[in-house]
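Notes for the one structure printed next.
The figures that follow rest on heavy atoms only: side chains count, while hydrogens, waters and symmetry mates do not. Every number for a ligand or one of its atoms is a count from 1 in the order of the listing. Note that the structure is a prediction, hence the values are computed from the model and not measured.
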Amino acid sequence: MKFFIDTANIDEIREAASLGILDGVTTNPSLVSKEGKNFRKLLDEILEIVDGPVSAEVIATDYDGILKEARDLADIHDNIVVKVPLIKEGLKAVRTLGEENINTNVTLCFSPSQALMAAKAGATYISPFVGRVDDISTSGMDLVSQIIQIYRNYNYDTQVLVASIRHPLHLVEAALMGADVCTMPFAVINKLFNHPLTDVGLKNFLSDWQKLNEKVENPKKA
Ligand code: G3P
């Protein structure tokens with residue numbers, strides 16, 4: 001399973017990359033806006049840090065506009081994956097971009113029928129937003145499971161990139177279902193390492209080791 005970080009924050013990307021488990025980055029206009037930096041310069045910085053797919057989203061919503069922005073983004077670096085919204089004009093553009101060997105990530109997917117359309121258009125990745133589906137009292141993970149089943153039924157190459165992840169259980173469930181990629185905020189990546197029994201176990205190992213040292217150094221006292 002591939003791990004992407006879902007952020008445009010350079011410090012977070014750098015720290016996640018240093019962990020040695022990072023395969024790529026996803027950004028979106030809201031995440032980029034939060035950083036208040038020039039988009040092009042930000043992408044250059046990210047591409048320097050991570051040698052893997054970096055999703056950069058188009059702002060245009062019409063076919064010609066999407067194609068123009070997508071081609072400009074793809075020209076920046078081979079690792080750029082053009083993120084395109086799941087709308088009619090977007091999927092038309094995805095088909096054309098695929099013919100030009102430009103990788104695409106179809107975003108804002110909330111239903112299995114949308115995911116099927118994206119696969120038929122030849123998307124490289126489909127991004128179901130599990131957290132936002134959960135937010136409206138529907139199961140985001142059921143959506144992922146249905147997409148995986150449909151793609152398996154017809155051998156689609158489109159990779160399932162689980163997005164809008166809010167906690168480690170989303171990742172675990174996605175992994176059990178066989179999703180190709182999870183993109184996670186930095187806070188979720190951090191939580192993946194934690195377990196209270198690991199902390200207690202390590203504390204005990206270290207204090208037992210300390211006791212051994214004391215015994216060896218002061219055998220009479222022991
Ligand atoms: O980048 C797309 C997606 O992961 C956004 O997540 O938390 O804004 O629903 P969120």
Side-chain angles (χ1 to χ4, degrees), residues 1-13 15-17 21-37 39 42-43 45-47 49-50 52-61 66 69-70 73 79-87 90-91 93-94 103-112 114-115 117-118 123-145 147-148 158-175 177 179-192:
M1 180 184 230
K2 282 177 255 171
F3 279 17
F4 292 177
I5 187 166
D6 195 28
T7 186
N9 182 279
I10 294 298
D11 292 336
E12 290 182 351
I13 293 169
E15 196 170 332
I21 45 92
L22 192 66
D23 300 298
V25 180
T26 52
T27 66
N28 65 39
S30 304
L31 293 171
V32 172
S33 168
K34 242 169 56 181
E35 299 309 308
K37 291 184 183 174
F39 187 31
L42 189 64
L43 286 176
E45 277 187 83
I46 296 172
L47 291 159
I49 301 167
V50 180
V54 174
S55 285
E57 191 157 339
V58 297
I59 304 303
T61 53
I66 292 171
E69 278 183 46
L73 287 167
N79 282 343
I80 289 282
V81 176
V82 180
K83 221 169 166 184
V84 178
L86 208 158
I87 53 176
L91 292 189
V94 164
N103 289 326
T104 52
N105 173 358
V106 174
T107 188
L108 292 167
C109 172
F110 296 96
S111 77
Q114 286 182 316
M117 298 311 283
T124 316
Y125 300 97
I126 182 70
S127 285
F129 277 28
V130 295
R132 294 193 196 184
V133 174
D134 288 353
D135 287 344
I136 56 159
S137 302
T138 311
S139 168
M141 292 319 301
D142 280 355
L143 168 63
V144 174
S145 159
I147 296 171
I148 290 173
T158 302
Q159 296 182 50
V160 179
L161 191 169
V162 183
S164 185
I165 282 196
R166 302 277 163 80
H167 48 70
L169 199 52
H170 275 149
L171 166 79
V172 172
E173 289 178 7
M177 289 171 189
D180 302 282
V181 190
C182 268
T183 189
M184 295 164 279
F186 183 66
V188 173
I189 293 178
N190 260 336
K191 284 180 190 160
L192 300 176

Contacting atoms of ligand 1, where contact means under 4.0 angstrom from a heavy atom of [X]:
{"X": "Arg166", "result": "7 (O), 9 (O), 10 (P)"}
{"X": "Asp6", "result": "1 (O), 2 (C), 3 (C), 4 (O), 5 (C), 6 (O)"}
{"X": "Lys83", "result": "1 (O), 2 (C)"}
{"X": "Arg132", "result": "5 (C), 8 (O), 9 (O), 10 (P)"}

Test your reading of the structure: does Asn28 have an N or O sitting under 3.5 Å from an N or O of ligand 1?
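There is such a contact, yes.
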
For Ile5, is there any backbone N or O sitting under 3.5 Å from a side-chain donor or acceptor partner on Thr7?
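A pair under 3.5 Å: no.
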
Counting N and O atoms only, with roles assigned by atom type, does the side chain of Glu45 sit under 3.5 Å from a partner on the main chain of Ile10, one being a donor and the other an acceptor?
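Side chain of Glu45 to backbone of Ile10, a donor-acceptor pair under 3.5 Å: no, none is there.
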
Apply side-chain contact (heavy atoms from CB on, under 4.5 Å) to the pair Leu73 and Leu43, showing each step before the final yes or no.
CA-CA 9 Å; Leu73 287 167; Leu43 286 176; 3.8 Å; yes

Matching residue for Ser127 among Asn105, Thr107, Thr26 - test: side chain to side chain donor-acceptor pair (under 3.5 Å):
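One option only clears the test, and that one is Asn105.
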
Met141, CE: over 12 other non-hydrogen atoms inside 6.0 angstrom:
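Counting neighbours around CE of Met141, more than 12 heavy atoms of other residues, nucleotides or ligands fall under 6.0 Å, so yes.
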
When you look for heavy atoms under 4.0 Å from ligand 1, do you find them on the side chain of Glu57, its backbone, both, or neither?
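Looking at Glu57 and ligand 1, no heavy atom falls under 4.0 Å.
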
Around atom 2 (C) of ligand 1, find the nearest protein heavy atom and jot down its residue, atom name and distance.
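Of every protein heavy atom, Phe129 CZ, 3.3 Å lies nearest to atom 2 (C) of ligand 1.
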
So which protein heavy atom does atom 6 (O) of ligand 1 come closest to, and at what separation?
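For this ligand atom, the closest protein heavy atom is Ser164 CA, 3.3 Å.
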
Could you go step by step and tell me if Val81 and Tyr125 meet the side-chain contact (heavy atoms from CB on, under 4.5 Å) rule?
CA-CA 9 Å; Val81 176; Tyr125 300 97; 3.9 Å; yes

